[in-house]
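Just so you know, residue 1 is the first one in the sequence shown, and it goes up from there. Worth saying up front: this structure is predicted, and the values here are computed from it rather than measured.
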Amino acid sequence: MQKLKRAGFTAASFVVILLVMLLLGQAMTPDWQVEPYRNHIQVPTRSTAIASRLGTTTPEGTYKVKERKISIVLDGGVRIQAIVRQPRDREGTGPACLFIHGAGTGKSSEVYGDLTSAMASAGITTLVPDKRLDNYTTFHRDYQALAADYQRSLDQLRSWPGVDPTKVGLYAESEGTWISSIMTAKDSSIAFSILTSPPVYPGRRQMAMAATNYLDLIGAPKGIRNVIPRFIGMDLSLLGLEYADFPSLPYLDQLRMPVMINFGTMDVSMPVEQGAQEIIRRTHASGNDNVTLRYYPTNHQIRTGSRLAKDGLPLEPRYTHNLEDWINAVALGTQADQWSTPMIAGSQPHQLNQVPDRTDSGLISSLTALLTLMASGPVLLVAALIAALIGALNSHLRARDNIRQRPSFSKGLAGRLWALGLLATGLITALLAYAFTVVRQAFGLVHLSSMMTFSWFLLSGLCLVLILLLASTLTSIFSQSDGKPAVAGAGHWLTLTLTLLGSLAILGSLIFWNILVF
């Protein structure tokens, strides 16, 4: 009967702990989720050609290209290098384009060479400056300051021989489109703006979509996928990352010049449909319908050969031709109703998930709180180990001196405590290793193997074992059959308390990482 009673107490404790964990899991999850995208664009034609009713434009290869390296002085006396490529022996003046780096690039000699050379051969002068990197890091980026830097380069390009200053525009990729949007909002004389693979939305919201896309594509477990809202909405000020909340959308309201948007349909990191529709909607509200949208069967960099960004991949064959035809047509003065080709064209896109409207946090609202919770578990368990060792040493010394000892832990409790601490520590370590592996495979778009899927179920099962062991430990403490106390002495109570608190802290970490969501 006593064993049955203990089993019943253990089962009840297990159920209560499990329910509490599930309820806390719900409390940790904010009331927004990344949802599938359904408002798809229907592309009328696959041809990406660009043509104006005002006349023909200079084709690629018309001019030989001359290249010159220059230096540009920015605020604070910082000097950067830049490369000008322009058509050789062209008569008169013509259009020009300033190139703005995306994330991951900084040197003018390492990016845009093929693109700018092609443009220059079509009569368009190009300038690629270095990106200022002394104030640009993983954790800190000031887009306003970067825009001011690029404005110096833009001013220099406008005064370059052979350039018509009224026909100078911008080409930006990815993160660089946030910078170019600041520039176009401040400088209404910019002739055109080309936005290639723009994130459009604030970084935190856009990354929620991108991370979900990657995890969906590799077949990540639902539990890992559902961690995204819990993490994305956090206060990340511990790392800096203030640019994650850069208010990008209002700048799009100031796009009153001709705009060209380019997306690769294989790019799962950007809102290829939602973002394009957002830009078109905002420019239309501002009275600007001169927006051309093109989709290519390419990756984020409009390059072919891989869905991922890799060195040496070729540009999509028609891409440079379309850019040149569009810029030269804009230089002719082409208005929204003067294009002879569709405003939207190319490969049919299919955005998997939508960018959320907001990214509120859940119960754990900051990265500091999460890291404190995750670190406190192992720290408390180490402290429990030290307390146990001190207690054992003290018992040994008292026995040696024939001093009567206080009663020790009840039978089996010490073993349960050690098993609880070891399992809890091992489980959180294994979970973090699993999450790291999933993230690494997601960035490489490597589908999870059946072994990885099984490993998630194994981790979830071990979490249930941990809860059962905790319930059994509580039973040993509160349901003694011999009437003796489960523990005796301050040292034993300290060991017990530290072990239980450490295990509960690790359980809290496991709740955050959704280990019980199959």
Side-chain angles (χ1 to χ4, degrees), residues 1-29 221 223 363-364 373-385 387-388 391 407-432 434 455-518:
M1 180 60 69
Q2 187 64 34
K3 290 184 177 180
L4 186 60
K5 181 179 178 181
R6 288 172 61 85
F9 187 87
T10 300
S13 300
F14 174 83
V15 171
V16 169
I17 295 170
L18 181 60
L19 287 176
V20 169
M21 288 187 69
L22 294 175
L23 289 173
L24 284 174
Q26 286 296 110
M28 288 183 184
T29 303
L363 184 62
I364 298 181
L373 179 65
M374 294 180 65
S376 62
V379 168
L380 288 168
L381 290 174
V382 169
L385 174 61
S408 183
F409 285 122
S410 64
K411 183 179 180 181
L413 180 57
R416 285 188 176 88
L417 287 176
W418 289 114
L420 185 63
L422 290 173
L423 180 57
T425 304
L427 188 53
I428 194 66
T429 302
L431 179 60
L432 291 176
Y434 183 89
S455 296
W456 177 257
F457 284 95
L458 178 61
L459 288 172
S460 301
L462 288 175
C463 184
L464 295 177
V465 173
L466 178 63
I467 297 172
L468 181 60
L469 184 56
L470 178 59
S472 177
T473 302
L474 293 175
T475 300
S476 294
I477 296 171
F478 298 112
S479 299
Q480 294 302 303
S481 59
D482 52 9
K484 295 180 180 179
V487 290
H492 292 151
W493 275 114
L494 180 60
T495 301
L496 173 66
T497 302
L498 291 174
T499 304
L500 290 177
L501 288 177
S503 300
L504 288 173
I506 290 178
L507 278 174
S509 302
L510 297 175
I511 294 169
F512 177 87
W513 290 103
N514 264 346
I515 195 170
L516 291 177
V517 177
F518 294 92

Exercise for the section: Find the distance between CG (Leu432) and CG (Leu427) and round it off to the nearest 0.5 Å. Expected result: 9.5 Å
Handout entry: Leu510/Leu459 under side chain to side chain contact (heavy atoms under 4.5 Å, CB included): CA gap, chis, key distance, verdict
Key = CA-CA 10 Å; Leu510 297 175; Leu459 288 172; over 6 Å; no
Exercise for the section: State, yes or no, whether a side-chain contact exists between Tyr434 and Pro221 at a heavy-atom distance under 4.5 Å. Expected result: yes
Problem - Test item: Leu500 and Leu470 side chains (from C-beta on) under 4.5 Å apart, heavy atoms - result: yes
Exercise for the section: Show the numbers, then the answer: is there a side chain to side chain contact (heavy atoms under 4.5 Å, CB included) between Leu19 and Val16? Expected result: CA-CA 5 Å; Leu19 287 176; Val16 169; 5.9 Å; no
Practice task
Measure across Ile506 and Gly377 and return the closest heavy-atom pair with its distance rounded to 0.1 Å.
Solution key: CG1-CA, 3.8 Å
Exercise for the section: Could you tell me whether the side chain of Ser460 and the main chain of Trp456 form a donor-acceptor pair under 3.5 Å? Expected result: yes
Fill in the blank from the handout: Here the pair of heavy atoms bringing Ile364 nearest to Phe512 is CD1-CD1, 4.1 Å
Practice task
In sequence, state the C-alpha distance, the side-chain angles, and the governing distance for Leu464 and Leu18, and then conclude on side chain to side chain contact (heavy atoms under 4.5 Å, CB included).
Solution key: CA-CA 8 Å; Leu464 295 177; Leu18 181 60; 4.1 Å; yes
Practice task
For side chain to side chain contact (heavy atoms under 4.5 Å, CB included), just list the numbers for Ile467 and Leu507, CA-CA rounded to whole Å, side-chain angles, deciding distance to a tenth of an Å, and then say yes or no.
Solution key: CA-CA 8 Å; Ile467 297 172; Leu507 278 174; 4.2 Å; yes
Problem - Contact summary for Trp513 and Leu431, nearest pair of heavy atoms - result: CB-CD2, 3.4 Å
Practice task
Measure the CG-OG1 distance between Leu24 and Thr29 for me, rounded to the nearest 0.5 Å.
Solution key: 10.5 Å
Handout entry: Heavy-atom check, side chain of Leu420 versus side chain of Leu466, under 4.5 Å
Key = yes
Fill in the blank from the handout: In terms of heavy-atom contacts, Met21 and Cys463 come closest through CE-SG, 4.1 Å
